[in-house]
Amino acid sequence: MHPFAYHSAMVSINSVLDLAKLRAWIDGVWDESILDRLRAYIRIPNQSPHFDPDWERHGHMEAAVTLMADWCRAQPVPGMRVEIRRLPGKTPLLIVDVPGDLPGCVLLYGHLDKQPEFTGWSEGLGPWEPVLRDGRLYGRGGADDGYAVFASLTAIAALKQQRIPLARCVLMIEASEESGSIDLPAHLESLGTAIGDPSLVVCLDAECGDYERVWCTTSLRGNLTGRLEVRVLTEGVHSGMASGIAATPFRIAQQLLARIENPVTGEVLLEEFKAHVPADRREQIVATARVLGKDVAGKLPWANGAEAISHDPAELITNNTWRAALAVTGADGLPPVASAGNVLLPQVALKLSLRLPPTTDADSAAAALRTALERDPPYGAHVLFDEDRGTGGWNAPVFSPWLEQSIERASRAIYGSESLNAGCGGTIPFMGMLGRQFPRTQFFITGVLGPHSNAHGPNEFLDLEYAKKLTACVSLVLADHAHSLMG
Ligand SMILES: [Zn+2]
C-alpha cells in the first residue's frame, strides 16, 4: 500500500476519535482510582514463587490478584468477563475478556508477582510502602509490572467511552513471571483455545530508553541461572596452617568463571552464547545510540568515578541487548566481613546469572555452561553446577505496516516525539512462548522501565505522567488494530 494512502486512511478513523477527550478520560481514571489501587498493591509483599516458595500459605498473591480483579470488575466496560483462574499448586491467572465488535483478538499481557525487596532503598523509601514524590510512585512492583492491568483495561475502556469499534481484547495477568513464568504453560493448556489466535499482542512489561516517546521492544535476551559449588575441604582450617597447601575455593571459582568470561573485558567466551546481530537490529541500535548518547550509560547509578565498559553508546547497547553477559548475584559460604577470621574456607557456592542473546538456544547454552564449569576441576576439587531451567530469548517478527505507522503516530500525537525501536536486555519468557505458538502475530511490547526506575533493585518507581501517556498510546494502537481488520 502506498504510504500516503495508508496515512489518509488512518486520519479518517481518527476523525471519530476525540484525542483530547480520550486523554482527559484516561488521566481522570489514573488520578481518581488507579493511583490509589497501585498504592494498595505496592503494600502487598507478593514475591514471585522463586523468592517466596511458601507464597500460597502467606496469601499475598491472593490479596494482589483479588485487588486487581475487584478493580477490573468496577470498570465501565460492557460485557466484560473477569475471572481468576486457579490450578492446584500454581499461582493464579487473571483473565479479563472484553467482547469485540470485530472478528479477531488482541492479547494484552502483564504480571502481578514481584521481585524481592533488595537492599539500598533511599531515606524515606521502601519496597512495601508507596511514596509519591515528584510525579513518581515509588515502591516494589508498581512499574514492574503492577500498572499493566490498570493501563491495559483503561486503554480499552477509554475507547469504549467513545464507541470506537474494537476486536475482542483478552487481558492475561500472570503471577509467576519473575520466576520464569513457570506456572504459565499449565494455565495456557487449561485455557485451550479460549484465547484464540491473537493478531496483536500488547505487552506492558518492558523498558523505555527515555521518558520522551514510545519505545518498542524488538528483541529480548534469554536468561540462564544456576548454582556453582566448589568444595575443597570438609571443614574450615586455620589459614596459617592450610594456605599454600590447599587452594582456596574462591580462587578455584575465579578460575572456573574465567572459562566462561574474559575477566578483563567481560566477554562471554562460549560459542553457544554468541549470536549474529541482524542488519535491521544494527540499524535500530545506531538510531537509539544517536538519540540517547551518553544517557545509555548515564541511566545507571554510578559510584563516584566509576565508568561504563565502553565510551561508545552503540557498543553498550549491543552488549546489553545482543550479547551474553555473566553476573554473580549471590554467594554461600563466605562469612560477612565483620565476622571473617583467618580461615581457609572449605567451600563456596555462587549464584550465576547469565543473559543470553535473543536468538541463542537456552538448552544448548546450559549444556555448554555445565561442561565448561565441571570439566577438569582444578586440584581435583569437588565442582558442581546445578542449573535452573533456562529461558530462551526472542527476536520480534517484522512489523506490519499498520503497526509500525500506528506506534509512530501515537508517539508523535501523545509525546510529540518519534518512537524508537530497541532491544531489551531483560527477559519476558511469555513473549518467546507466544512467538513460537503464533508466528504470524504482531507484537507491541513496551513499558515504563526507563532510566533510574530500577525494577528489581532499590528505589523502583513508576513515572505517572509517562504511564498515563503510554495508556493513551495503547488506546490509539488498539483503535488502529481494529481499523486494520476493517481493511
Ligand atoms: Zn516484569
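Atoms within a ligand are numbered from 1 in the order they appear, just like the ligands themselves.
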Q | N/O/S from Asp144 sitting under 2.8 Å away from the Zn ion (ligand 1) | A | yes
Q. Closest N/O/S atom of His111 to the Zn ion (ligand 1), by atom name?
A. NE2
Q | Ring-face cation of Arg136 near Phe461 (centre distance under 6.0 Å, axis angle within 45°) | A | yes
Q: Apply ring pair (Phe, Tyr, Trp, His ring centres under 6.0 Å) to the pair Trp322 and His276, showing each step before the final yes or no.
A: CA-CA 8 Å; Trp322 277 89; His276 167 75; 8.4 Å; no
(Q) As a quick check of understanding, evaluate ring pair (Phe, Tyr, Trp, His ring centres under 6.0 Å) for Trp394 and Phe443, giving each step before the final call. (A) CA-CA 11 Å; Trp394 176 77; Phe443 288 84; 4.7 Å; yes
Q.
Between the Zn ion (ligand 1) and Asp205, which N, O or S atom of the residue is the nearest one?
A. OD1
(Q) What verdict does the side chain to side chain contact (heavy atoms under 4.5 Å, CB included) test give for Leu188 and Met172, after you've listed the backbone C-alpha separation in whole Å, the side-chain angles of each residue and the deciding distance to 0.1 Å? (A) CA-CA 10 Å; Leu188 291 177; Met172 180 189 281; 3.6 Å; yes
